Every structure is written in C-alpha cells, then in structure tokens.
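Below: the structure, in structure tokens.
Keep in mind that what you see is a predicted model, and the values were worked out from it rather than measured.
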Number of protein chains: 2
Amino acid sequence: MTGNTLKSESAELVVLSVLAEGAAYGYAITRDIAARSEGAFRLGPGQLYPLLSKLEKTGLVTTRWEEVKAGGADQDAPGRRRKWYEISPKGRKRLEQRVENHRRLTALVESFLAPGVREAEA
Amino acid sequence: MTGNTLKSESAELVVLSVLAEGAAYGYAITRDIAARSEGAFRLGPGQLYPLLSKLEKTGLVTTRWEEVKAGGADQDAPGRRRKWYEISPKGRKRLEQRVENHRRLTALVESFLAPGVREAEA
DNA sequence: GTTAGACATATCGACTTTTGATATATCTGA
DNA sequence: TCAGATATATCAAAAGTCGATATGTCTAAC
C-alpha cells in the first residue's frame, strides 16, 4: 500500500481540520497531511488547489499572500509567494458538521460489519 | 438529510457484509441496506447491479437463478426470476481485508480531527 | 377484470470527480 | 552550476456516479 487518495469529502474534512489548528499555505498542507499520515494520505496539487479555491469562494477560509524574502542579496527582487489560508467562523461550523456527519456515517458502516449470522433464506 | 449514496468502496464493503450473513438477491440487498440504515444509505440499481456483476466476475460471489413460482393458476408459466448471490471463500477474505482497510483509514481520518491546537505559523 | 404499485433485473448516458501531467517560477545546497 | 525541493495553479483524459429508462412479473385493492 503506497498511499490512499483522500476522497473529496474526506479531503475537505481533513484540510479544514488542519486549518483549524492554525493558518497554513497549500504546499505546507500537503506536506503536513502526508507526514502526519505517514504517507498513507496523498493530496496532490490537482486536488488541493481546486479544493482551497472552493473553500475560499464559499467563505469557509480567508486568504492573504505572503512575499517570502530570500536570504540572498537582492532584497528588492520579487520573492517566492505563499498564499495563506485561515479558517473562518463559518468554516469552523462547517468543520463541526462534517465531523459529526463523518462519525455518523462511519458508525453506520460499522454497524453492517460484524452482526449476528442470519439464516440463508433459500 | 434524505439519504447518503454509498461510495463504491464502502458499497462493496457493505454488500459483502450483507452477503456474509447469508445469500441474498439484488433487490433484497437494496431493501436490506435501506432498512438497516433507516434510509440513510441508498444503493440504486445503477450502482448495485454493476457491483454485483463485478463481484461475480472476480469470483467473490457465486450465483444461481431462482424461478419464483406464483400463487396463481398457471404453474407452468415462466415466473419472476431472482438471481441469488452467495459469498465465496475468496469473497470472505476480501471482506476481511476491506474491513481492516476501512478501519485503518477511518482511524487515520479521526487522528486529524481533534488534536492539540498548533500555534499559527505567521 | 382491471389497474396501481411493489417486485426484480439490468443498462445507459449525462454529469461529476479524480489524477497525473504540465506550466511557471523561486530558492537551497552540493 | 545545476538538481531538487519549494510553491501555486490549470488542464484533459480517465474513471466513477446516479437518476432515468426499459422490461416484465406479481399482488392487492377496487
């Protein structure tokens, strides 16, 4: 098992959870998720950035750009840019709902897993 | 919330779980899942039958047809047909793997949900 | 006896999602 | 100098999803 893709619903849940612990930028979120899951969860750029855009558009996160100043000589040159994402109050509410829903669904799936043996009907 | 669609991975897990308790036919599986989840899980024909075909093709279940004799007069008329699905030993092994995997992933998602608060990095 | 609705299997196509590839550009360390 | 990590973002091909549709049987109500 080299790693599981996060399905979009779980992806939103996990990303909002990460952001609930503090603001972060896209690349850091990817790294964070991979590291904390020991490589079990992968969230590629093709999934991450559209998701973050959606969160921004729907007001679940707020954003701001950071100009990363390099250690090099030219301090006036335009540096690398980071887009920071911060969870909003609306985002926290959504996260709560998502967590609740996720747990409810998980419990429901679990309820199918190891019940008593039913007689074969034929 | 009127009902959640089962994602294909969960769908296989749940269907195999239902079949692990005894043979069943398609329509009964749909009803069973809807009833046991109190309508929370829905598995439409467009999802169910392709899934059952796949399970059959890959040897996870075995099948046989049943001719349902009507209570009516003409006992020679071709009646309604049911296709019964029975889980195979290979299917039981697959189910065990799926259950294990599902629990591992669920625990992993859960591990993202309520950890300590991290300092905002900027 | 007719008919509405449940029973039963199955496929189809429009729609959405997924994911690797690609693009662009910067920074760091060997 | 140059490979590889950092950083954001889009695209299109492939895969997956799901309601609608098709076909036919059976039962219970009227």
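For the pair A:Arg42 and C:dT19, the criterion of a side-chain N or O lying under 4.0 Å from OP1 or OP2 is not met. A sub-4.0 Å separation between OP1 or OP2 of C:dA8 and a side-chain N or O of B:Tyr25 is present.
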For nucleotides 22-24 of chain D, print each protein N/O atom paired with a nucleotide N/O atom at under 3.5 Å, atom names and distance only.
none

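If you measure from atom CD of A:Glu9 to atom C1' of D:dG16, you get 15 Å, rounded to the nearest angstrom. If you take CZ of B:Phe41 and P of D:dC18, they are 13 Å apart, rounded to a whole angstrom. Rounded to whole angstrom, the span from the NZ atom of B:Lys83 across to the C1' atom of C:dC7 amounts to 17 Å. A:Glu67 places its CD atom 12 Å from the C1' atom of C:dT26, with the value rounded to the nearest Å. The CZ atom of B:Arg31 sits 9 Å away from the C1' atom of C:dA6 (whole-angstrom rounding). A:Asp32 has its CG atom 16 Å from the C1' atom of D:dT6, to the nearest Å. Across the protein-nucleic acid pair, B:Glu12 atom CD and D:dT17 atom P stand 11 Å apart, rounded to whole Å. Distance CH2 (B:Trp65) to C1' (D:dT25): 13 Å, rounded to an integer number of Å.
Residues B:Thr63 and B:Trp84 have side chains not in contact (no heavy-atom distance under 4.5 Å, counting atoms from C-beta outward).
The pair B:Lys54-B:Glu12 counts as a salt bridge, with a side-chain nitrogen and a carboxylate oxygen less than 4.0 angstrom apart. Salt bridge status for B:Glu56 with B:Lys83: present, with a side-chain N to carboxylate O gap under 4.0 Å. In summary, B:Glu21 and B:Arg36 engage in a salt bridge, as defined by a charged side-chain N under 4.0 Å from a carboxylate O.
For A:Tyr27, the listed nucleotide lying nearest its side chain is D:dT6; candidates were D:dA9, D:dT6, C:dC7.
Remark: side-chain polar atoms of A:Ser10 are not paired, donor with acceptor, to backbone N or O of A:Leu6 under 3.5 angstrom.
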Next item on the list: Take A:Tyr85 and A:Leu55 through the side-chain contact (heavy atoms from CB on, under 4.5 Å) test and state the conclusion after the steps.
Entry: CA-CA 9 Å; A:Tyr85 295 84; A:Leu55 296 179; over 6 Å; no
Item checked: Derivation and outcome, salt bridge (Lys or Arg N to Asp or Glu O under 4.0 Å), residues A:Glu38 and B:Arg104 -> CA-CA 13 Å; A:Glu38 291 173 7; B:Arg104 195 175 61 82; over 6 Å; no
Margin query: Quick one, B:Val15 with B:Val61, criterion side-chain contact (heavy atoms from CB on, under 4.5 Å). Give me CA distance, side-chain angles, the key distance, then yes/no.
Written below: CA-CA 11 Å; B:Val15 167; B:Val61 300; over 6 Å; no
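Under the rule for a side chain to side chain donor-acceptor pair (under 3.5 Å), A:Lys90 has no partner lying at least two apart in sequence or in another chain.
In terms of position on DNA chain C, the residue among A:Arg81 and A:Lys7 whose nearest nucleotide sits closer to the 5' end is A:Lys7.
Of the residues in residues 43-55 of chain B, those placing a heavy atom less than 4.0 Å from an atom of DNA chain C are B:Pro45, B:Gly46, B:Tyr49, B:Pro50, in numerical order.
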